[in-house]
Amino acid sequence: MYETYYGLRAKPFTLVPDPEFLFLGIRHKMALTLLEYGLVNGSAFIVITGEPGTGKTTLLNQLLGQSRHQWTIGVLSNTHEALGGLMPWIMASFGLETKGKDEVQLFHEFGRFLEVEHTAGRKVLLVLDEAQNVGAVMLEELRLLSNLNDGRRRALQIMLSGQPGLRDLLEGPGMVQFAQRIGVEYTLDVLSDDETVAYIRHRLQVAGRQDPLFTTLAGRTIFRLTGGTPRLINQLCDHALVYGYAAQADTITARIVLDAAVARDRHGVLPFMVSPGDLELSHGELGEEQTEIDTFRTELVQSDGQAGHVDSASPQDPAVSYREAVALKQAGEYTRALVFFEALAGEEAWTTKALAQKALCLKATGRYDEALAAIQAALDRQPVSSQENVSLRYLLARTLEAKGRYDEAVAVYRTLERGQPYRDVASRLARLNPTTRSGRSGSVPQATW
């Protein structure tokens with residue numbers, strides 16, 4: 001939905017644990033270093049724990065992706081006590097045949113498999129993700145499996161990844177022998193506020209966005225709401241981008257983040273650290289944020305030479321022209337911005353966006369009839385997404401309202417109200433209620449609905 005608008009080639013905040021997006025903050029870098037150390041030095045057991053969503057699986061995927069040329073790897077991702085014996089699942093994770101064989105046969109065949117891999121010069125790594133679910137009985141089975149190693153070589157290494165319950169399990173009664181075989185263990189913590197800001201920028205850059213998009217205050221607000229848990233950061237950032245796109249915002253501010261969080265808090269189950277409705281932004285913070293936005297806009301315009309100059313002999317990339325035009329619009333230079341948007345309206349892939357932005361410039365300068373014509377032209381093109389259609393209709397209603405055509409504005413607002421709650425439609429309908437308007441000064445025409 002928002003990828004093209006924000007110059008992204010992929011969704012930057014997907015919940016899929018993709019190692020390409022791995023952000024190595026202080027804690028994640030230390031965790032990766034220790035895990036690599038445990039593998040290289042042949043630790044029998046390697047343990048990594050952390051709260052849900054802290055990035056354990058992404059870290060493991062990165063590690064395993066780097067290691068496949070040295071290790072034969074089997075992964076169990078959905079372990080739990082109801083699985084019964086582990087041996088059939090372990091064999092299957094390495095692609096070994098299990099049909100018609102009992103536990104003893106499987107154990108001995110797995111031993112032969114380790115011998116073959118050792119002879120071929122390959123190490124064997126078994127990874128159990130979500131290992132807090134295995135229980136003490138399965139951990140003892142893993143300990144016995146590690147006995148296949150002898151004093152001369154380490155044929156099998158086992159890595160356990162899980163939530164804090166795994167540590168509780170390992171520290172429980174009867175786990176002394178198992179714990180003594182753990183060569184490396186690390187608890188992965190959440191990101192700090194500075195790391196959260198850097199994390200957001202990192203993922204945007206990996207997704208193709210080099211220019212700043214989230215303000216620093218937006219990033220710190222996200223930290224205050226999520227506590228620095230990467231999975232929660234991803235969810236909130238993705239939601240904020242949808243809100244920013246709907247508002248045709250060129251920068252994701254702290255206010256957009258809070259609006260998205262309030263909506264998610266009302267309609268979703270995202271576990272915020274604090275209630276978004278209780279989080280207030282100080283005047284000082286907002287002032288610093290505006291300074292940051294102004295600085296970015298200035299740099300953006302200057303980076304591509306004299307903004308507003310269109311050289312027909314050297315056409316610019318439409319994406320660059322669009323960013324320059326938006327920067328000019330945000331700076332209040334509507335006439336110069338219109339030059340860009342009118343040129344972009346002739347580019348098939350940019351027509352709808354350019355017409356919408358052109359309408360905003362025209363509306364800002366009081367040229368309402370021209371603005372309405374631009375909006376209608378965009379709507380006639382049948383916007384590619386329902387969200388784009390909603391955004392255009394909201395702009396139509398706002399322009400009709402500014403023009404004083406209240407009955408028509410109300411009709412459009414009511415159409416929008418029938419769908420998902422959108423921006424301030426409900427409050428605008430309440431404000432345009434004939435009873436409310438009758439008390440205003442001036443000759444405002446009364447609606448007939």
Side-chain angles (χ1 to χ4, degrees), residues 1-16 18-25 28-29 55 58 62 191 193-223 230 233-234 236-254 256-257 260 288-311 314-331 333 337 340-341 343-344 347 349-350 353-354 357:
M1 177 186 293
Y2 53 69
E3 293 97 307
T4 301
Y5 181 76
Y6 286 121
L8 301 164
R9 62 171 178 266
K11 282 186 174 296
F13 299 106
T14 175
L15 297 182
V16 177
D18 186 347
E20 183 182 359
F21 285 92
L22 178 63
F23 171 76
L24 289 177
H28 288 72
K29 187 178 295 183
T58 303
Q62 170 72 10
L191 301 175
D193 54 348
D194 288 335
E195 286 178 324
T196 298
V197 173
Y199 172 87
I200 293 169
R201 290 176 179 167
H202 167 78
R203 293 190 72 102
L204 287 166
Q205 288 172 356
V206 173
R209 171 85 184 204
Q210 299 306 312
D211 296 327
L213 181 54
F214 284 68
T215 66
T216 301
L217 182 58
R220 296 193 185 283
T221 301
I222 289 167
F223 169 77
I233 294 171
N234 286 0
L236 183 51
C237 284
D238 184 68
H239 213 52
L241 285 171
V242 174
Y243 261 65
Y245 171 74
Q248 297 289 282
D250 302 296
T251 303
I252 304 301
T253 63
I256 290 175
V257 168
E288 291 178 3
E289 181 181 56
Q290 188 58 52
T291 299
E292 182 182 22
I293 293 171
D294 293 341
T295 300
F296 163 62
R297 289 172 183 162
T298 301
E299 292 174 350
L300 182 64
V301 172
Q302 291 176 347
S303 67
D304 292 297
Q306 291 295 323
H309 174 68
V310 180
D311 184 355
S314 302
Q316 290 192 81
D317 181 341
V320 174
S321 296
Y322 184 83
R323 290 199 301 271
E324 289 185 359
V326 167
L328 288 168
K329 184 198 75 175
Q330 296 285 8
E333 299 188 46
F340 283 85
F341 290 133
L344 284 167
E347 298 279 349
W350 294 87
K353 290 185 178 64
Q357 293 288 354

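All figures in this text were calculated on a predicted structure; none of them were measured in a lab.
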| Contacts of type ring pair (Phe, Tyr, Trp, His ring centres under 6.0 Å), residue Y199, not counting sequence neighbours |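 Applying ring pair (Phe, Tyr, Trp, His ring centres under 6.0 Å) to Y199 gives F23.
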| said: Can a donor-acceptor pair be found, under 3.5 Å and without considering hydrogens, that links the side chain of R9 to the backbone of E3? | reply: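 Pair absent, no side-chain N/O of R9 close to backbone of E3.
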| Do D250 and R323 have side chains that get closer than 4.5 Å, going by heavy atoms? |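 With C-beta onward as the side chain, the pair stays apart.
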| request: Can you measure from CD (E288) to CD1 (I293) and round to the nearest 0.5 angstrom? | output: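 The distance works out to 12.0 Å.
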| If you take all heavy atoms of F223 and T196, which pair is closest and at what distance? |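 For F223 versus T196, the nearest heavy atoms are CD1-OG1, 3.4 Å.
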| query | Is the Y322 ring parallel, tilted or perpendicular to the F341 ring (thresholds 30°, 60°)? | reply |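 Perpendicular: the ring planes of Y322 and F341 meet at over 60°.
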| said: My understanding is that only residues two or more places apart in sequence, or in another chain, count here; which of them pass side chain to side chain donor-acceptor pair (under 3.5 Å) with R220? | reply: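 For R220 the side chain to side chain donor-acceptor pair (under 3.5 Å) partners, ignoring immediate neighbours, are D193, D194.
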| task | Kindly indicate, with the supporting measurements, whether the criterion side-chain contact (heavy atoms from CB on, under 4.5 Å) is fulfilled by L213 and L241. | result | CA-CA 10 Å; L213 181 54; L241 285 171; 3.6 Å; yes
| field | Heavy-atom donor-acceptor pair, Y5 side chain to G244 backbone, under 3.5 Å | value |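 No.
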| request: Determine yes or no for a side-chain-to-main-chain donor-acceptor pair under 3.5 angstrom, with H202 supplying the side chain and L22 the backbone. | output: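 Yes: the side chain of H202 pairs with the backbone of L22.
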| said: Would you say that L24 contacts Q62 through its side chain, given a criterion of any heavy-atom pair below 4.5 Å between the two side chains? | reply: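 SC-SC contact between L24 and Q62 ruled out.
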| Checking R203 side chain against P12 main chain: does a donor-acceptor pair fall under 3.5 Å? |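 Yes, the answer is positive, given that a donor and an acceptor are paired below the 3.5 Å cut-off.
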| message | Nearest 0.5 angstrom please: F214 CZ to I222 CD1, how far? | response |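 Going from the CZ atom of F214 to the CD1 atom of I222 covers 5.0 Å.
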| request: May I ask you to test the L236-F13 pair for a side-chain heavy-atom distance under 4.5 Å? | output: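 Side-chain contact under 4.5 Å: no.
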| task | Output the distance between atom CD (E292) and atom CG (L217), rounded to the nearest 0.5 Å. | result |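 Result: 8.5 Å between the selected atoms.
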| field | Minimum-distance pair of heavy atoms, taken over all atoms of G219 and I200 | value |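 Of all heavy-atom pairs spanning G219 and I200, the closest is CA-CD1, 3.9 Å.
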| message | Show the nearest heavy-atom pair for residues H239 and A260, with the distance to one decimal. | response |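 Answer, listing the atom of H239 first, then A260: CD2-O, 3.3 Å.
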| said: If you compare all heavy atoms of A325 against all heavy atoms of A337, which two are closest, and at what distance to 0.1 Å? | reply: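 In terms of heavy atoms, the two residues are closest at O-CB, 3.5 Å.
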| Residues K353, T4; criterion side-chain contact (heavy atoms from CB on, under 4.5 Å); working and verdict | CA-CA 10 Å; K353 290 185 178 64; T4 301; 4.1 Å; yes
| Considering all heavy atoms, the nearest V257-A218 contact |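 Nearest pair, atom of V257 first, then A218: CG2-CB, 3.9 Å.
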| Any side-chain heavy atom of T216 within less than 4.5 Å of one from R201? |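 Side chain of T216 against side chain of R201, heavy atoms only: contact under 4.5 Å found.
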| field | Heavy-atom pair with the smallest gap, counting every atom of R209 and L8 | value |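 In this case the closest contact between R209 and L8 is CB-CD2, 3.3 Å.
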| field | For E289, all residues meeting side chain to side chain donor-acceptor pair (under 3.5 Å), sequence neighbours excluded | value |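 Expected list: T215.
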| message | I'd like to know whether Y243 forms a side-chain contact (heavy atoms from CB on, under 4.5 Å) with I252, so could you lay out the CA-CA distance, the side-chain angles of the two residues, the decisive distance to 0.1 Å, and finally the verdict. | response | CA-CA 9 Å; Y243 261 65; I252 304 301; over 6 Å; no
| request: Any chance you could measure L191, atom CG, to I233, atom CD1, to the nearest 0.5 Å? | output: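 One finds 5.0 Å between CG of L191 and CD1 of I233.
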